[in-house]
Structure formats: structure tokens, C-alpha cells
Amino acid sequence: MAEAPKQAPAAAGRAATKKELPEHFKAYKHVWVVVECEHGVVHPVSFELLGEGRKLADKRGAELAGVVMGNDRAAIAAAAAAAFEYGADLVYTIADPALAHYRNEAFTKGLTDLVNTYKPEILLLGATTLGRDLAGSVATTLLTGLTADCTELAIDEEGSLAATRPTFGGSLLCTIMTLNYRPQMATVRPRVLAMPERQPGRSGRIVEHPLDLAEDDIVTKVLRFVADRDSNQAQLAYADIVVAGGLGLRSAENFQLVKSLAEVLGAEYGGSRPLVQKGWIAADRQIGQTGKTIRPKLYIAAGISGAIQHRVGVEGADMIVAINTDPNAQIFDFAHVGIVADAIKLLPALTEAFRKHLSVNRLAG
Amino acid sequence: MHIVVCMKQVPDSAQIRVHPVTNTIMRQGVPTIINPYDLFALEEAMRLRDRFGGEVTVLTMGPPMAEDSLRKALTFGADRAVLLTDRFFAGSDTLATSYALAGALAKIGEEFGKPSIVFTGKQTIDGDTAQVGPGIAKRLRLNQLTYVARIAELDLAAEEITVERRAEGGVQVLSTRLPVLVTMLEGTNEMRRGTLEDAFRAARTQVVTWSAADAGITDLTKCGLRGSPTIVKKVFAPSARAEKAHQIPTADLSFEALAEAVMGEIFARQPAIEGDLMRFSSGQ
Ligand SMILES: Cc1cc2nc3c(=O)[nH]c(=O)nc-3n(C[C@H](O)[C@H](O)[C@H](O)COP(=O)(O)OP(=O)(O)OC[C@H]3O[C@@H](n4cnc5c(N)ncnc54)[C@H](O)[C@@H]3O)c2cc1C
Ligand SMILES: Nc1ncnc2c1ncn2[C@@H]1O[C@H](COP(=O)(O)O)[C@@H](O)[C@H]1O
């Protein structure tokens, strides 16, 4: 097990603090976003990143590029077209049968080659299972810095990427920089950044690039892909309204009250982590640091104390309504509207109030 | 078969407090635990050992006190523990961490037999990056299998492994050749209780402790702060929202009346929601 040969010369001296960017990195320009396109669908996090990438590129007076890798040329063209409408000036594409399904080896080769050829200054990926798998390999291959799961991206006075992320389980935030290595890499979780406005008809250039990797040289094979039967995976993260429950509901039966309210509102439902541990809800319904980040227009939290690990997953909501019997519960520190009441009694009343309101107004309308 | 599990000792994050004035982390008295995600990796490794025979070595890079975590792992049933500890490793980011761990893994291979599988947890609860595993795989040129939910097949004779990997919107069934690096998904198994024999054995077992030099790591420019391309510019507490929640008065209200008040407040603050709901309920 020998160490893989390094690809780029390492800067001398203490890596992080050296002032002057090494000469060979000065050619690195522009902001890139990896556009995640699996099974013909672009992951919405890629559009969120393009929105943020646009702002970073404008600050740097640079171009914004998307990177689309796959096999199906029609899907690649559609993903590129969408990338332009969300702000990209150009899109690098690699089309190859070896990229039909996500595999680390092929995607790492493709992205690393693109970076070495076209030299971006900033490279952004979604913190999805694909993005995190790929980003770690590419950063290690390029021997550059990578900041994972950022919640905020900015350009500092000196023009460097300042990437802010939670640390110590969300109790603290830290701002991390990659000063003298390129590209500066970061991943961002879905729903942390706002979805930008789509600009229909906006277009740009496409630059095609080869993969140059034979299937025989790839050791890992995809035998099957089993799509989630319950594809609520993404729906919770992207729902406009989310109703969630916590331990305050006291029993799995009472959790039904959350589901009923969600149903009337056409909302998704979720919960705090202990409910997953107790088996009241499925793991993909967990909201928070180690679950889903959500960004709904309305979040209703019933019987949730508002621990920091929960808070970081819901803070992006436009409006948080919290029901808790404890007037000092932490959740009231960041909710917009609070009700000190028994959720087990209030939830059914709320469900009924919404049901009535909607049916009356529907008849009238 | 030799399996190595990389584990990190981490502060119990739920108990981290920030000093209200200086905004620094108050580490004193914060208990440390084995990174919870790494326990799934350790249990999976021991299950494979129990089925196919062989040994499980646990590896940690950290301060001398990280030995506690290794001892704990021995009481769960690991066969050998290696602690990589050196002041040169202080301040390592993920790139420098994966460099040091890759070095130690190579040395473990020489000393105790090449591992067929290197496990890591999905992520740590303090670093939280999920990048160290892929970093190790790249450096050691191991085939990389991340977010593994289940090891479906292991054929030692053919040196092949088939796993189910959690992907976006589904599960990928992947097969590849050994040696591999696997990052194990949480919730995939439950850590066993160590037996009494394990506890006795753990008490007798010497934790192998290596400095950078012991592990054959000679290029110190790639270690610790010097070898870390990322720099932490500042650490700060999340800003509290300026005002607390607007409390809807509840006194003397029936739950029906309270519910009406809550609904009214929601619509008053976010009028668009009422329209959305109308469209949704008419569409039904
Ligand atoms: C590494 C790590 C990661 C974590 N990740 C997550 C995560 O992703 N998501 C997450 O949610 N948690 C996470 N946690 C757990 C988190 O720290 C809290 O323990 C958890 O969020 C608490 O869940 P809860 O609010 O449902 O329960 P509790 O904290 O027990 O709160 C229950 C609340 O219900 C109230 N209550 C009681 N009865 C009623 C009633 N009848 N009506 C209304 N209110 C009532 C109580 O006043 C209390 O505030 C994590 C912890 C760790 C250590
Ligand atoms: N200092 C360390 N010592 C041993 N293993 C580590 C260390 N840091 C990270 N790991 C392993 O790498 C995984 C991912 O860590 P991270 O990239 O910090 O989220 C963890 O679950 C551990 O298995």
C-alpha cells in the first residue's frame, strides 16, 4: 500500500499561512459548480450552488461554470441548459458510458482532469452522498483544501473564499480558508442556500471534454440501482410546509397527530432524532444536524425542545411556529411564533381549524 | 483476514459550551467518547472477523489520552489497538489527517499484515466532514465504498466484495476488488456488549503507541498545521435571533379558540401561505 503520487507541487513552508500564492496557481480563475445529474435528474442543490456561485463569480469578476458528467447526451444537454438558466456562463461536459452511474473512480478522473486543464479558482459541490464521495477524493488527488458542509460562502477583502461551517455539532461556527492552494473547494448541504430565480432563455457556451478511461480499467462495477420506493428522501428537504414532532408527543400513537396536520396542509412530516431512535419515524424523516436540513415557508414544531443539533437543520425556514409546554424551552429562542400549550391537545384543534377554514373558503371561492 | 477500523476520540458534542464572553470553547471537563459513527464500523468489522476469521485492529490518531477510546474498543472485542500520537500532528485538517493515517496504515500493513478492508465511520461529530475516509482511500489507492448500508458478499478467495451503498434517491449495489476502504453508514448494526473475557483481555493488552517516526512518517511538512491547506480564520458562536418568539397568549382560551388564533397569526405573517393552501386543497 504505497502512497499515491502527488499531482501538484506542494507549497513550501507552513501551508496555510503563506501570504503569496505560488506562481503556478495564479492561472486558476473562475468559479465552478459540479452539476449533479443522476438518472436524468439534476439535484436541486446544484441550482442553489449556481445561485451562490454567481454571486462569488461576480465579486471576483470571473465566470461561473457548471460541470456536467454523465452518459446520456440528451440528459447532459438538458442539465447544461438548466445550468445556464440558473446563472452559468459556460458548462464543461464529459459524456462517456463509464459515467452512466456514479462511481468514484470515473468521476474523480473526470473532474480532476477538468480542474488540471481549465484551472478553476473555486470549486463547489453539493454535500450529498455523491458530492461528499467525490469532493474528498478530488481534493486529496489535487492536494488542496476542502471545507465540507458550509452554511455560508463569501469572498474576503483579499479575494479568497471564506467558507463558514458549523463545528462541534453546531454549537459553534468557524470560517475556513484555503490561502495558497487551488482550487479552493467547498461543499454545501441541500437547502442551506436559497434557490435562485430561474432565467428562462439564458444561454451560454459548452466545452466538451473526453474522459479517457476504459471500462476495463475501472475496478468497481455498479450491479444494480434500487430506487427508493418511498422517494420522500428529497421531498422533506424541499417541502414548503413541514410539521414535526418531538419527544413531547410521548408516544408513537400521538405522532399520528403530526401526520394528520401535515395531511391537511399538504405538508411533509418529520421529527427530532430521539423519535428515529425509538422507531416512531423512519431515519430519513429526521430533521437536524445528522438528518435533513429543511428550508420550508412554514415549519411547525410540536413537543421539540430545540436543541442546537435540531436548530441547525431548521433555521432557514421563513417562519417557525413552536408548540411546547415549557415556556423556557430553547425552541422559543429561534421560533418566530410560540405557543405554550399541550401539543397533544392543540395539534388536533389546529388540524380541525385548518380543515374548516380551507373547506369553507373553497366553497366560497 | 486483517481489518483495520479508524476511530476518533471526540468531545461529546451535546455538552460543548461556549464561553459567553470570550466566545471560545470550554473544553474543561467535557467528556470524550468514541465518535458514535465509528462504532458502526467497528461492529461491522468484528462481525466479518467472526464470520471469516482474522483480526480487527483499531487505529486512532490523537493526543495520548485517546488511548481511552482504544481501550474501550478492546473491551468491545477488537484484537489490537494502535495509537498514533505526536505533536507534529496537532492542527491537522482532513488532508493532513488522511496523510498521517495512511502512513500508519501502511506501517500496520508491514507489522501486522496488510488489511483487506479499512473501515471508517461515515463522519465525525466534531470535524463532521466525511472526508477523511475518501482521503485515505485515495492516498493508499484502495477502492472506495462510501455510505455503505450493508456488506452483501465477501469472497476472500476471489478478493471481491459486494455492498449496498446509500446514494441519492436509492441504493447502489456495487462490487469491487479488495483491498477496499469502506465508510459505514449509521444505524446499520448495533454495538455488541463486550464479554468478560474481552474486558480481561483488554486490560492485559498493550496499546501499540507510535510517534510519526515510529510509523515511518518522515515528511513532516505534510503533517499537522504545516500540512493543512485549510486554515481556521475564526471561530464564533451562532448569533442568537434578536428577538424571541412572539408568544400567542393562551390564558382562558379553549384549544379551538387557540388553534384559530395560531392559524390567524400564520396567515397574517405569511399571507402567501393561505393562497398556497387554497390551491392545494382545491387541487385535491
Ligand atoms: C451528535 C449529535 C447529533 C444530533 N443530531 C440531531 C439531529 O439531527 N436532529 C435532532 O432533532 N436532534 C439531534 N440530536 C439530539 C439533540 O441533542 C436533542 O437531544 C434532541 O433534538 C431532543 O429531541 P426532542 O426535542 O424531541 O426531545 P426533548 O429534548 O426531550 O424535548 C421534548 C420537549 O417537549 C416538551 N413537551 C413535553 N410534553 C409536551 C406536550 N404535551 N406538548 C408540548 N410540548 C411538550 C418539553 O418541554 C421539551 O421541550 C443530536 C445529538 C447529538 C449528540
Ligand atoms: N484522528 C483520527 N483518527 C482515526 N480516525 C479518524 C480520525 N479522524 C477521522 N477519522 C476517521 O474518518 C472518519 C471521517 O471523519 P471526518 O472526515 O472528520 O468526518 C471518522 O468516522 C473516522 O473513522
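Just so we're on the same page: letters track the sequence lines, and every chain starts at 1.
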A:Thr144 versus chain B, heavy atoms under 4.5 Å apart: side chain, backbone, both or neither?
-> backbone
Bottom line for A:Thr108: the part with an atom under 4.5 Å from chain B's heavy atoms is side chain
Identify the two heavy atoms, one from A:Phe225 and one from B:Ala167, that lie closest to each other, and give their separation to 0.1 Å.
-> CE1-CB, 4.1 Å
Enter the distance from A:Ile339:CD1 to B:Ile248:CD1 here, rounded to the nearest 0.5 Å.
-> 4.5 Å
Most heavy-atom pairs under 4.5 Å with chain A, out of B:Thr129, B:Thr250, B:Val171, belong to B:Val171
Start with the C-alpha distance between B:Thr230 and A:Tyr181, add both sets of side-chain angles, then the distance that settles side-chain contact (heavy atoms from CB on, under 4.5 Å), and finish with yes or no.
-> CA-CA 9 Å; B:Thr230 59; A:Tyr181 290 84; over 6 Å; no
Give, for atom CD1 of B:Ile125 and atom CD of A:Gln309, the distance between the pair rounded to the nearest 0.5 Å.
-> 8.5 Å
Which bit of A:Glu36 is near chain B, if near means a heavy-atom gap under 4.5 Å: side chain, backbone, both or neither?
-> side chain
Counting heavy-atom pairs under 4.5 angstrom with chain B, the leader among A:Gly338, A:Cys174, A:Ala349 is A:Gly338
With rounding to the nearest 0.5 Å, note down the distance linking CG in B:Asp126 to CG in A:Leu172.
-> 11.5 Å
Show your working on side-chain contact (heavy atoms from CB on, under 4.5 Å) between B:Leu277 and A:Ile241 and close with a plain yes or no.
-> CA-CA 10 Å; B:Leu277 283 179; A:Ile241 304 180; 3.9 Å; yes
In terms of heavy-atom proximity below 4.5 Å to chain A, should B:Ser175 be classed as side chain, backbone, both, or neither?
-> both
Between A:Ser137 and B:Pro134 the two heavy atoms that sit nearest each other are N-CB, 4.0 Å
Heavy-atom distance under 4.5 Å to chain B: side chain of A:Ala341, backbone, both or neither?
-> side chain
B:Asp276/A:Lys297 ion pair, N-O < 4.0 Å | yes
Closest non-hydrogen contact found for B:Gln131 with A:Ala148 is NE2-CB, 3.9 Å
Heavy atoms of A:Tyr102 and B:Gln172 approach each other most closely as O-NE2, 2.9 Å
Please test A:Lys345 against B:Phe255 for side-chain contact (heavy atoms from CB on, under 4.5 Å), starting from the C-alpha separation and ending with a verdict.
-> CA-CA 7 Å; A:Lys345 301 223 174 74; B:Phe255 280 98; 3.5 Å; yes
So, for A:Thr290 and B:Tyr37, which heavy atoms are closest and what is the spacing to 0.1 Å?
-> CG2-OH, 2.7 Å
Just by modelled atom types, is the A:Glu38 backbone N or O under 3.5 Å from a matching donor or acceptor in the B:Glu168 side chain?
-> no
Drop me the distance from B:Glu256's CD to A:Leu350's CG, to the nearest 0.5 angstrom.
-> 10.5 Å
Flag the pair A:Leu179 / B:Ile231 as yes when at least one side-chain heavy-atom distance between them is below 4.5 Å, and no otherwise.
-> yes
Rounding to 0.5 Å, atoms NZ (B:Lys138) and CD (A:Glu105) come to a distance of 7.5 Å
Crowded around B:Gln247 CD? As in, over 12 foreign heavy atoms under 6.0 Å?
-> yes
Heavy-atom distance under 4.5 Å between the side chains of A:Thr140 and B:Leu95, does that happen here?
-> yes
When you look at A:Thr175 and B:Val232, which way does the side-chain contact (heavy atoms from CB on, under 4.5 Å) test go after all the steps?
-> CA-CA 6 Å; A:Thr175 302; B:Val232 177; over 6 Å; no
CG-OG1 distance between B:Asp93 and A:Thr178, expressed to the nearest 0.5 angstrom = 8.0 Å
Among side-chain atoms of A:His357 and B:Glu260, is any donor-acceptor pair under 3.5 angstrom?
-> no
Got a salt bridge between A:Asp133 and B:Arg165, using NZ or NE/NH1/NH2 to carboxylate O under 4.0 Å?
-> yes
Would the number of heavy atoms belonging to other residues, nucleotides or ligands and lying under 6.0 Å from NZ of A:Lys221 be above 12?
-> yes
What option among A:Val321, A:Leu265, A:Leu130 has the most heavy-atom pairs under 4.5 Å with chain B?
-> A:Leu265
Non-hydrogen atoms of chain B under 4.5 Å away: do they reach the side chain of A:Val337, the backbone, both or neither?
-> both
Can you name the nearest heavy-atom pair linking A:Ala353 to B:Ala259, along with the distance?
-> CB-CB, 4.0 Å
Identify which part of A:Asp318 has an atom lying under 4.5 Å from any heavy atom of chain B, answering side chain, backbone, both or neither.
-> both
B:Ile266 versus chain A, heavy atoms under 4.5 Å apart: side chain, backbone, both or neither?
-> both
Please list, chain by chain and in numerical order, all residues satisfying side-chain contact (heavy atoms from CB on, under 4.5 Å) with A:Ala127, sequence neighbours excluded.
-> A:Arg132, A:Asp149, A:Thr187, A:Arg189
